[in-house]
Amino acid sequence: MPEAIALIDANNFYASCERVFDARLHGKPVIVLSNNDGNIIARSQEAKALGLPMGAPFFKVREIIERHGVEVFSSNYALYGDLSSRMMDILSDFSPEVECYSIDEAFMSLIDSSRQPLDKIGRAIRARVKKHIGIPVTVGIAETKTLAKVAAYHAKRSEKTKGVLDLTRSPYQELALARTPVEEVWGIGPQYSALLTSHGILSALDLRNVPDDWARTQLTVVGLRTVHELRGIQCLPLDLSPSTRKTVTVSRSFGSTVETLKELRAAVAFYVTRAGEKLRRDRLAAGSLTVFIETNRFSSERQYNGAKTFQLSPMTDLTPELIVVALRGLETIFREGYKYKRAGVTLDNLAPAETLTKRLWDNEAYERMRELMKVVDEINAVFGRDTVRFGYFERDGKWRTRFGKRSPRYTTRWEEILRVGSTLSAPI
DNA sequence: TCTGGGGTCCTAGGACCC
DNA sequence: TCTGGGGTCCTAGGACCC
């Protein structure tokens with residue numbers, strides 16, 4: 001067990017990434033949106049100060065955005081992913097044990113020594129990431145991951161810390177816990193926090209002092225682990241070799257609702273294609289496939305959710321086979337007369353692809369198909385996505401995510417966003 | 001009036017995370 | 001008019017077995 005765990009947390013990561021290449025954005029409110037102009041998924045500090053809530057539907061906050069000249073971007077995951085991996089590279093200079101927890105966060109072990117106090121290491125990390133990547137990070141240091149999260153929470157909010165807070169053996173640890181609202185504790189979501197609040201457990205300190213039995217029955221073993229972690233007992237070790245994924249899901253809300261089976265087929269084939277690519281990239285094959293379609297849950301229209309799961313026997317990683325199954329499922333769940341807003345595909349029961357090299361029937365055809373699939377992937381890698389594609393796949397349709405109408409280069413002004421948006425919906 | 005017991009596997013649903 | 005997407009883990013309950 002490491003002596004201490006540091007959490008390195010990029011501040012407002014997506015918004016900060018946009019700033020890396022556009023110095024003009026510094027000091028300005030910046031937000032990043034999800035697909036279809038849906039929701040706010042990242043905000044700069046200035047945008048938070050304007051009261052723009054995380055996850056807020058864009059259309060509900062347009063007025064504020066316009067009034068304050070907020071800079072609006074659509075997500076550029078390629079950019080964020082690239083900056084993220086560069087950041088992780090730098091972190092590995094400071095510790096042999098780095099867990100890349102998410103695109104903008106990492107846990108790492110730190111060794112305490114008189115020569116290098118922990119907070120000094122934290123400052124060095126912060127300075128180097130800022131200098132080399134241009135992203136500001138917060139560093140929280142403590143005995144466990146959950147406590148490191150608490151440390152980072154305060155490091156982010158207190159000017160005095162200058163972005164680094166070491167709570168190991170700190171006389172302030174208890175004070176920090178007392179000043180952490182229970183809903184801010186890692187692992188405590190909206191449901192648990194409502195439950196805890198109703199029992200008078202309001203802070204991380206209150207939660208730390210809850211009896212084990214009570215935590216176990218009310219919050220399951222997961223919550224009990226959180227309580228122990230708050231006491232400084234490591235229950236969540238660093239995960240240095242991320243295990244292979246267990247599911248692959250590809251789903252999107254449609255740009256506009258669709259009502260026909262034909263359009264849903266095109267959408268589903270598109271999502272299956274993406275799912276197949278993920279599967280083969282990770283050298284996995286799927287043992288089951290679920291296809292689902294949904295109406296718009298925010299609308300007052302009649303609602304319908306349909307889903308169908310098939311076991312895949314034999315397992316497969318071939319897009320054409322997955323498409324056939326998914327479309328068969330789609331036929332069984334499709335109902336006439338609904339306005340569909342979303343569809344998706346989940347691949348489950350994944351196993352390494354090399355375990356399914358031989359098939360009992362038609363093995364030769366299967367082998368040829370795998371070869372073909374490999375070539376298709378290679379061609380698409382070189383010449384661009386969907387250069388080669390399979391039946392039912394159509395590039396366009398009402399269902400396609402309205403995407404890129406705000407490319408980072410062109411949508412830094414509200415007036416521009418409006419114009420581009422109206423151009424898209426105008427009958428040209 | 002009585003209605004085994006314990007183990008395992010699977011699935012759906014609920015909680016959480018970013 | 002416009003409300004994201006992709007994951008993990010745990011539990012309860014049913015099916016099935018001996």
Side-chain angles (χ1 to χ4, degrees), chain A residues 7 9-10 12-14 31-42 53-63 65 72 74-75 77 80-81 84 99-107 145-146 149 152 183-196 216-226 235-236 239 242-257 271 274-275 278-279 282 287-288 290 292 294-301 305 307 309 311 339 341-350 398 401-403 405-406 417-418 421-422 424-426:
Chain A
L7 170 69
D9 190 352
N12 317 319
F13 185 58
Y14 294 175
I31 62 169
V32 179
L33 299 178
S34 63
N35 293 343
N36 288 321
D37 313 337
N39 305 65
I40 298 177
I41 56 171
M54 181 67 165
F58 182 49
F59 72 90
K60 286 190 178 173
V61 293
R62 271 193 168 167
E63 206 262 322
I65 284 164
V72 182
S74 60
S75 310
Y77 290 108
Y80 310 151
S84 173
E99 173 186 347
C100 304
Y101 176 68
S102 73
I103 194 163
D104 65 341
E105 276 178 59
F107 291 103
K145 285 181 171 180
T146 307
K149 280 271 193 180
E183 67 268 21
E184 299 290 345
V185 173
W186 192 44
I188 303 301
Q191 301 297 316
Y192 284 173
S193 105
L195 175 83
L196 292 166
R216 171 70 240 250
T217 47
Q218 299 293 317
L219 312 174
T220 80
V221 295
V222 183
L224 180 59
R225 277 200 286 263
T226 297
C235 302
L236 305 166
D239 188 0
S243 54
T244 57
R245 60 157 91 231
K246 297 187 167 59
T247 64
V248 170
T249 301
V250 177
S251 73
R252 304 265 188 285
S253 294
F254 301 148
S256 314
T257 57
Y271 302 150
R274 292 285 165 271
K278 285 191 191 182
L279 204 57
D282 291 357
S288 71
T290 301
F292 59 90
E294 297 170 6
T295 49
N296 184 356
R297 67 180 191 281
F298 296 105
S299 137
S300 53
E301 304 269 352
N305 288 352
T309 301
Q311 300 306 311
K339 293 183 175 165
K341 180 60 177 171
R342 197 172 125 94
V345 176
T346 298
L347 305 176
D348 242 304
N349 299 330
L350 307 184
K398 285 192 292 178
T401 310
R402 283 190 308 244
F403 201 52
K405 72 184 199 175
R406 300 208 167 87
I417 288 159
L418 262 186
S422 56
L424 269 186
S425 51

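Keep in mind that the numbers below use all heavy atoms, side chains included, and drop hydrogens, waters and symmetry copies. To find a chain, count down the sequence lines: A is the first, B the second, and so on, and within it residues start at 1.
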**Report entry** Nearest listed nucleotide, side chain of A/R245, among C/dT8, C/dG5, C/dT1
**Finding:**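 Among C/dT8, C/dG5, C/dT1, the one nearest the side chain of A/R245 is C/dT8.
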**Report entry** Out of B/dC18, C/dC2, C/dG5, whichever nucleotide has its closest atom nearest the side chain of A/S102
**Finding:**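 Looking only at heavy atoms from C-beta outward on A/S102, the closest nucleotide is B/dC18.
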Requested in this report: Decide yes or no on salt bridge (Lys or Arg N to Asp or Glu O under 4.0 Å) for A/E105 and A/K145, but give the supporting numbers first.
Outcome: CA-CA 12 Å; A/E105 276 178 59; A/K145 285 181 171 180; over 6 Å; no
Between [X] and [N], is there a side-chain N or O to OP1/OP2 distance below 4.0 Å?
X	N	result
A/K278	C/dG5	no
A/T247	C/dT8	yes
A/N35	C/dG5	yes
A/S253	C/dG5	yes
A/K246	C/dG6	no
A/K341	C/dC2	no
A/R252	C/dG6	yes

**Report entry** DNA chain C: 5'-proximal contact among A/V250 and A/N296 (nearest heavy atom)
**Finding:**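 Checking each residue's closest nucleotide, the 5'-ward one belongs to A/N296.
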Query raised in the report: When you match A/R225 and A/S251 each to their closest nucleotide on DNA chain C, which lands nearer the 5' end?
Result: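 Going by which nucleotide is closer to the 5' end, it is A/S251.
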Query - Short side-chain to backbone donor-acceptor contact, A/D282 and A/R245, under 3.5 Å - result: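 No: the side chain of A/D282 does not pair with the backbone of A/R245.
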Query raised in the report: Quick check: does any side chain N or O of A/S34 sit under 3.5 Å from a backbone N or O of A/N39, one acting as donor and the other as acceptor?
Result: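 The answer is yes, because a donor-acceptor pair under 3.5 Å joins these two groups.
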**Report entry** A/L236 side chain reached by A/R225 side chain, heavy atoms, under 4.5 Å
**Finding:**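 Yes - at least one pair of side-chain heavy atoms lies under 4.5 Å apart.
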Query raised in the report: Would a 4.5 Å heavy-atom cut-off, applied to side chains only, mark A/D37 and A/V72 as touching?
Result: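 No. Closest side-chain heavy atoms not under 4.5 Å.
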Protein-nucleotide distance ([X], atom [atom1]; [N], atom [atom2]), rounded to Å:
X	N	atom1	atom2	result
A/K60	C/dT1	NZ	P	14 Å
A/Q311	B/dC10	CD	C1'	10 Å
A/L7	B/dC18	CG	P	9 Å
A/D104	C/dG7	CG	C1'	15 Å
A/E184	B/dC18	CD	P	10 Å
A/K398	C/dC2	NZ	C1'	16 Å
A/Y77	C/dG7	OH	C1'	14 Å
A/E99	C/dT8	CD	C1'	13 Å

Query raised in the report: NA contact type, A/L219, heavy-atom cut-off 4.0 Å: base, sugar-phosphate, or nothing?
Result: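 Nothing: the residue A/L219, judged by heavy atoms under 4.0 Å, touches no strand.
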Query raised in the report: Quick one: stems for DNA chain B, with Watson-Crick or G-U pairs under 3.5 Å, at least three in a row?
Result: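 Looking at DNA chain B, the stems formed by three or more consecutive pairs are B:5-18 with C:5-18.
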Report task. Measure the CZ-OG1 distance between A/R342 and A/T295 for me, rounded to the nearest 0.5 Å. Result ->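 Separation between the atoms: 11.5 Å.
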Requested in this report: Drop me the distance from A/I103's CD1 to A/Y77's OH, to the nearest 0.5 angstrom.
Outcome: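 Output value for this atom pair is 8.0 Å.
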Query raised in the report: Where do A/Y271 and A/A343 come nearest, in terms of heavy atoms and distance?
Result: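 What the structure gives for the nearest pair is CE1-O, 3.4 Å.
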Report task. Over all heavy atoms of both residues, which pair between A/N35 and A/R252 is shortest? Give the atoms and the distance, please. Result ->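 Looking at all heavy atoms of both residues, the shortest contact is ND2-CD, 3.6 Å.
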Query raised in the report: Under the criterion side chain to side chain donor-acceptor pair (under 3.5 Å), which of A/T247, A/T309, A/T346 is the partner of A/T290?
Result: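 Per the side chain to side chain donor-acceptor pair (under 3.5 Å) rule, the option paired with A/T290 is A/T309, out of A/T247, A/T309, A/T346.
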Query - Footprint string (nucleotides 11-17 of chain C, 5' to 3'): B base within contact, S backbone only, - free, heavy atoms under 4.0 Å - result: S------
